[in-house]
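Written below as structure tokens is the structure these notes are about.
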Amino acid sequence: MATLQESPPSLEALRNSLRSTPLLGLFAADPQRFSRLSFDWDGWLVDFSKERVTRDVIAALLREAEAANLSAWIAALFAGEKVNQSEGRPALHMALRQQDDTPVHVDGRDVLPAIRAAQARITALAGALRDGRRTGATGRPIRDVVHIGIGGSDLGPRLVCDALGAILPAGEHPPGVRFVSNVDPEHLTRALHGLDPATTLFVVVSKTFTTQETLANAAAARRWLQAGLPAGAAAGTHFVGVSSNVAAAESFGIAADDVLPMWDWVGGRYSLWSAVGLPIAIRLGPARFAELLAGAASVDRHFRSTPLESNLPVLLGLVGWWNARLLGHAERVVVPYAHALGLLPAFLQQLVLESNGKRVQRDGTPLTLPSCAALWGMTGTDGQHAFFQWLHQGLREAPVEFIVPLRAAHPAGTQQTLLVANALAQAQALLGGRDPGTIRGELAGKGLSAEALEAAIAARVCPGDRASTMILLPQLDARRLGQLLALYEHRTFVEAVLSGINCFDQFGVELGKTLAAPIIAALTDGSPLPAATDASTRGLVARVRAADAPAT
Ligand code: F6P
């Protein structure tokens, strides 16, 4: 007699049963839970055992991934297919860090030769700046580089330079690198403070070369140069451009030889591996920039060829998607226990939220559930003295991702041990909490009235049962940082595929840019606002004008 095959539990059924099971109960039910839900790769350990998942959940998520054709999407991404369908473009940031010269085709043409040529130019320019051969208009060597760009043309190189370029090996004295993104004049003013125009070079980075903030800052930088250089000196020689719009960069006044390429098959937030990373090569040296690329390339190979069930970015994406979509967590918190990764939350906010903050699927079908959680964070241990109170005792749960390099980059005494121990302790505290019985025992004999005792206990209880992922890596160096960023890039793609969205466009950011134009005109020369302008915006514009608007 034929037996009926039981179908595996659905994600919804698993979610419903797990909702009523405390995390500690899952540990009690499975003594092997840590080893079953921890994944090792190339020195990394990612422990999902404190997440509200089981092996059954991972299996169901893997089925979901297959149903969403994840393997085919990964293959399409690497094959250079137009995975950015709305803009008709591939997303080939992996080609920028590919270690061999296997052809990568875009519209039938191999892009590797152009990448290698750009890399040679990055190396040459960085070398000339590092050893003082690149001089300014007065013939003095460049000592300071100011990178002007915003969003994807800023956050990646700024993060890497901050992470690895603050303390350099003895004997290395490359130019200082500063970053300016905000159109707030305070940002450029601070960056220029103490700099000498004769020894300062600006790198203007804008894929489109139309971004208002970047162009305004670049124009202000040119005025600063013109005011500070001897009369008649060629301010243009103090600029380098990085753009896919070479004509616009040239018409700004940058010599064609000093414009490095970007390509439309690399999204801004995926572009630090290109000439956008020029300040990395300047500050850390071309060799360490190459190590960063090699680290990211190792994750590309892993992502492309490892079965889904042991593929780290896939697993990270599956669990992230489960948390946002099935468990309904509106937020996710990233806490690097590494001072060097202080800018990582800001970088990830653009990477994840500009990529996956979408409301419709690829074919225009509205999403009924969010495709990703909002992301925020701060370094540990600083965050422990800021928002961890909310994580431990607030009413809402937000899963935390702990990122912990185990070895310090510099001599550290016992501090590194304190740092790592704090990360482990916080994850443990989120899991286990603090129960009323223990607190009652601690407060016994303190002479509190019955009423005061109950209030004191209630105030101290931490409910625990709060999820986290622990990501351990051996140390933070260029290769590991490249791996970390590529892991997050690919997991973002995985989450997008599961939700059926395009993670490579960003139409949502265009509206505000468009609406700014008439407001700028109204504030600058009193132009009338469009008829459709709402009463609040009209009132605010009038108020700014009455207050002697700081428009210029
Ligand atoms: O914020 C929107 C955005 O278009 C980002 O996607 C991009 O990284 C940033 O602006 C800067 O754009 P560009 O490099 O063209 O100046």
Side-chain angles (χ1 to χ4, degrees), residues 41-44 92-102 104 112 115-131 145 147 155-177 179 203 242 260 266 270-304 312-313 336 338-344 347-348 351 403-410 471-490:
W41 174 73
D42 191 25
W44 292 75
L92 274 172
H93 40 286
M94 301 81 62
L96 300 167
R97 55 217 190 193
Q98 188 176 296
Q99 298 295 290
D100 62 25
D101 287 335
T102 307
V104 176
L112 248 297
I115 292 173
R116 294 288 176 253
Q119 287 169 340
R121 291 180 65 194
I122 294 169
T123 301
L125 182 53
L129 283 160
R130 283 169 65 81
D131 64 20
V145 170
H147 176 113
L155 291 160
R158 190 202 293 237
L159 160 65
V160 176
C161 287
D162 186 63
L164 304 175
I167 301 177
L168 296 171
E172 275 192 35
H173 304 289
V177 175
F179 290 83
V203 181
V242 180
L260 282 85
V266 178
Y270 300 87
S271 67
L272 77 98
W273 322 100
S274 71
V276 173
L278 176 64
I280 303 171
I282 295 170
R283 184 70 189 158
L284 306 181
R288 283 217 279 164
F289 186 43
E291 283 168 30
L292 184 87
L293 302 190
S298 70
V299 170
D300 295 339
R301 290 191 296 276
H302 169 76
F303 182 51
R304 188 179 191 176
L312 227 46
H339 186 75
L341 292 176
L343 298 180
L344 183 69
F347 172 84
L348 292 181
L351 174 64
I403 301 172
V404 188
L406 298 182
R407 279 196 297 280
H410 312 287
I471 301 175
L472 304 182
L473 60 151
Q475 77 248 344
L476 193 72
D477 54 23
R479 189 172 82 86
R480 294 296 182 182
L481 182 55
Q483 289 184 321
L484 177 69
L485 301 182
L487 277 171
Y488 271 89
E489 282 180 352
H490 290 319

(message) side-chain contact (heavy atoms from CB on, under 4.5 Å) for Leu292 and Leu284? Distances and angles first, verdict last.
(response) CA-CA 10 Å; Leu292 184 87; Leu284 306 181; over 6 Å; no
(request) Verify side-chain contact (heavy atoms from CB on, under 4.5 Å) between Tyr270 and Leu351, making sure each step is shown before the conclusion. (result) CA-CA 8 Å; Tyr270 300 87; Leu351 174 64; 3.5 Å; yes
(request) I would like to know whether Trp273 and Glu489 meet side-chain contact (heavy atoms from CB on, under 4.5 Å); could you show each step before the answer? (result) CA-CA 12 Å; Trp273 322 100; Glu489 282 180 352; 2.8 Å; yes
(request) Applying side-chain contact (heavy atoms from CB on, under 4.5 Å), run through Leu168 and Arg288 and close with a yes or a no. (result) CA-CA 11 Å; Leu168 296 171; Arg288 283 217 279 164; 3.6 Å; yes
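Of all non-hydrogen atoms in Arg97 and Leu293, the two that sit nearest each other are CB-O, 3.5 Å. The two atoms that bring Ser271 and Val276 nearest to each other are O-CB, 3.3 Å, heavy atoms only. The two residues Ile122 and Ala275 have their closest heavy-atom pair at CD1-CA, 3.5 Å. In this structure, Leu112 and Gln98 approach most closely via the heavy-atom pair CD2-NE2, 3.9 Å. Closest heavy-atom contact between Pro157 and Pro279: CB-CG, 3.8 Å. The minimum heavy-atom distance linking Leu164 with Ala478 is given by the pair CD1-CA, 3.5 Å.
In this structure, CD1 in Ile403 is found 9.5 Å from CG in Leu487, a value given to the nearest 0.5 Å. Within the model, atoms CG of Asp300 and NE2 of His93 stand 7.0 Å from one another, a figure rounded to the nearest 0.5 Å. Atoms CG and CD1, from Leu92 and Ile115 in turn, are 8.0 Å apart once rounded to the nearest 0.5 Å. Taking CG from Leu473 and CG from Leu481, the interatomic distance works out to 9.5 Å, rounded to the nearest 0.5 Å. A distance of 7.5 Å separates CG in Leu484 from CG in Leu348, rounded to the nearest 0.5 Å. Of the inter-residue distances, the one linking Leu406 atom CG with Leu476 atom CG reads 11.5 Å to the nearest 0.5 angstrom.
Using a 4.5 Å heavy-atom cutoff, the side chains of Leu125 and Ile282 are not in contact.
Annotation: side chain to side chain donor-acceptor pair (under 3.5 Å) contacts involving residues 473-487, sequence neighbours excluded, comprise Asp42-Arg479, Asp42-Gln483, Trp44-Gln483, Ser298-Gln483, Arg407-Gln475, Gln475-Asp477, Arg480-Gln483.
Residues that satisfy the ring pair (Phe, Tyr, Trp, His ring centres under 6.0 Å) test with Phe289, not counting sequence neighbours, are absent from this structure. Qualifying salt bridge (Lys or Arg N to Asp or Glu O under 4.0 Å) partners for Arg130, counting only residues two or more places apart in sequence or in other chains: Glu172. Legend: residues meeting side-chain hydrogen bond (donor to acceptor under 3.5 Å, both in side chains) with Arg116, ordered by chain and number and at least two apart, are Asp101, Gln119. Remark: His302 engages Trp41 in a ring pair (Phe, Tyr, Trp, His ring centres under 6.0 Å) (not counting sequence neighbours). Judged as a ring pair (Phe, Tyr, Trp, His ring centres under 6.0 Å), and not counting sequence neighbours, Tyr488 has no contacts.
Checked by atom type and distance alone, the side chain of Arg283 pairs as donor or acceptor with a backbone atom of Pro175 at under 3.5 Å.
Taking the six-membered ring where the residue is Trp, Phe179 and His147 present tilted rings, their angle falling between 30° and 60°.
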